[in-house]
Amino acid sequence: MQLGPIVAALGRHKVATLLIVLQVALTLAVVSNAMFIVASRIVHLSRPTSTDEAHLFVIRNGWTMGQNATQLDANIRADLDALRHVAGVRDAFSSQGFPLAGYNVNIVTHLKLDPEQTTDAQLVTFFASDEHTIDTLGISLVAGRNFRPDEIADTGPNDKMDPAGIVVTRSLADKLFPDGSALGKTVYLPDGPAAIIGIVASLQGPLKNSRTMDGFTVLVPMHFVDPAGVIYMVRTESTDMKPVIAASLKALQARGGIRIIAPKGGVVTMAEVRERAYADDHSVAMLMSIVCGLLLLATVGGIVGLSSFWVSQRRRQIGIRRSLGATAGDILRYFHAENFLIVSGGVVLGALLAFLANLGLMNVYELPRMPLYLPLLGALLLWLLGQVAVWGPARYAARVPPVVAIRSE
């Protein structure tokens, strides 16, 4: 089939053709970037915390007024002993935070390789930990050793944090010491030096969206003694945690009115923590998907409408071609080829707009660069939808009888 007549025919309908080209281009630009954001959100949502989420729950324990640091420390130790003796509990520990908990002032610190370091220190998130933390979380120690009971210090929110040794994630160890020699090396916390005595495979921190601290987590040997409250993380033997949670709360309440545990939100499973932490991401992914679907439907509707209009305008010309020997298949191929040219023009312009939009989003929202395959997939989808959309009008055009050519208008 010669493309010259098709191009010439499109040239006689410049405005309509240009509008469809622009619609296709804008659809490709928006859909490519929207689907890239959706894919990024899905990857983000599926990120593991590396903990045994199916067997973990969290108790947010607040204290009643009038307890000093010594009493709080004694209560925390007694609470943990009570929790570890509950039927169905595998292990438990106390901390000031937990994975995906969100930001508070007591979860972020920084590390230096040299106390006189003038360059930016490495920001990290940390968890108050003890010798039970690794087992409770269900994470793997890949090098070094765990904390010993005698290394666990009692530390308040305003006390210095200067442990002799810390445990870090492998990603942080590799960032600080790319040659793989992190174990046994000394790093510097704000309050003093600490040796890296152990390395765990992975552990997500409390922050879900931090690029600068993603996976850079430190376990610090301390009981966090805070009058405002403490977090208890409990690992169960079974995934049916309801009876264990009930028994754990009963064991804590049996120790007297020294605590406040909110009836709503005071106890949450890690599955619930993940669901709440990523609720906004779910909403954004759903909204973006709906927008993409509506844009594609609008584009298909535009192609169907324009093609139907052109068929009605060209009935006489189609009849003449039929009377000169053109088959129904020739008419079908003509309209499909015409649609392919229009969509191709929109695809070329849309791919350029898609990458320009991605550059803008990278600067504003710190998104990564969009891979080339996404606009290509969008182009293939639009070509396919364009052919499907034009099929009905083209089939109608192929049925125009030759006698139309001799009718007066």
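Treat the numbers as computed from the prediction; the structure is a model and nothing was measured.
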Just do the side-chain hydrogen bond (donor to acceptor under 3.5 Å, both in side chains) check on Ser238 and Asp240 with the steps written out, would you?
-> CA-CA 5 Å; Ser238 170; Asp240 183 14; 5.5 Å; no
Please assess Gln67 against Asn75 for the test side-chain hydrogen bond (donor to acceptor under 3.5 Å, both in side chains), listing each intermediate value before the final yes or no.
-> CA-CA 10 Å; Gln67 301 182 61; Asn75 284 328; 2.5 Å; yes
Output yes when a side-chain donor or acceptor of Gln71 lies under 3.5 Å from a complementary backbone atom of Asn68, and no otherwise.
-> yes
Taking Gln387 for its side chain and His336 for its backbone only, find out whether a donor-acceptor pair lies under 3.5 Å.
-> yes
Looking only at atom types and distance, does a side-chain atom of Asn61 sit under 3.5 Å from a main-chain N or O of Val230, one as donor and one as acceptor?
-> no
Quick check: does any side chain N or O of Ser171 sit under 3.5 Å from a backbone N or O of Gly215, one acting as donor and the other as acceptor?
-> yes
Please check if atom CD in Glu275 has more than 12 non-hydrogen atoms from other residues, nucleotides or ligands closer than 6.0 Å.
-> no
Are the side chain of Arg60 and the backbone of Gly265 linked by a donor-acceptor contact shorter than 3.5 Å?
-> yes
May I ask you to decide whether Arg77 forms a salt bridge with Asp81, counting only side-chain N to carboxylate O separations under 4.0 Å?
-> no
For Phe126, does its backbone N or O pair with a side-chain atom of Gln96 as donor and acceptor, under 3.5 Å?
-> yes
Ion pair present between Arg84 and Asp135, side-chain N to carboxylate O less than 4.0 angstrom?
-> no
N/O donor-acceptor pair under 3.5 Å between Thr217 side chain and Leu203 backbone | yes
Separation between CZ (Phe127) and OG1 (Thr133), nearest 0.5 Å, reads 10.0 Å
Charged N to carboxylate O below 4.0 Å: is that the case for Asp79 and Arg259?
-> yes
Check: Gln117 side chain, Leu113 main-chain N or O, donor-acceptor pair, under 3.5 Å | yes
Describe, in one word, how the ring planes of Trp383 and Phe340 are oriented to each other, choosing from parallel (under 30°), tilted (30 to 60°) and perpendicular (over 60°).
-> parallel
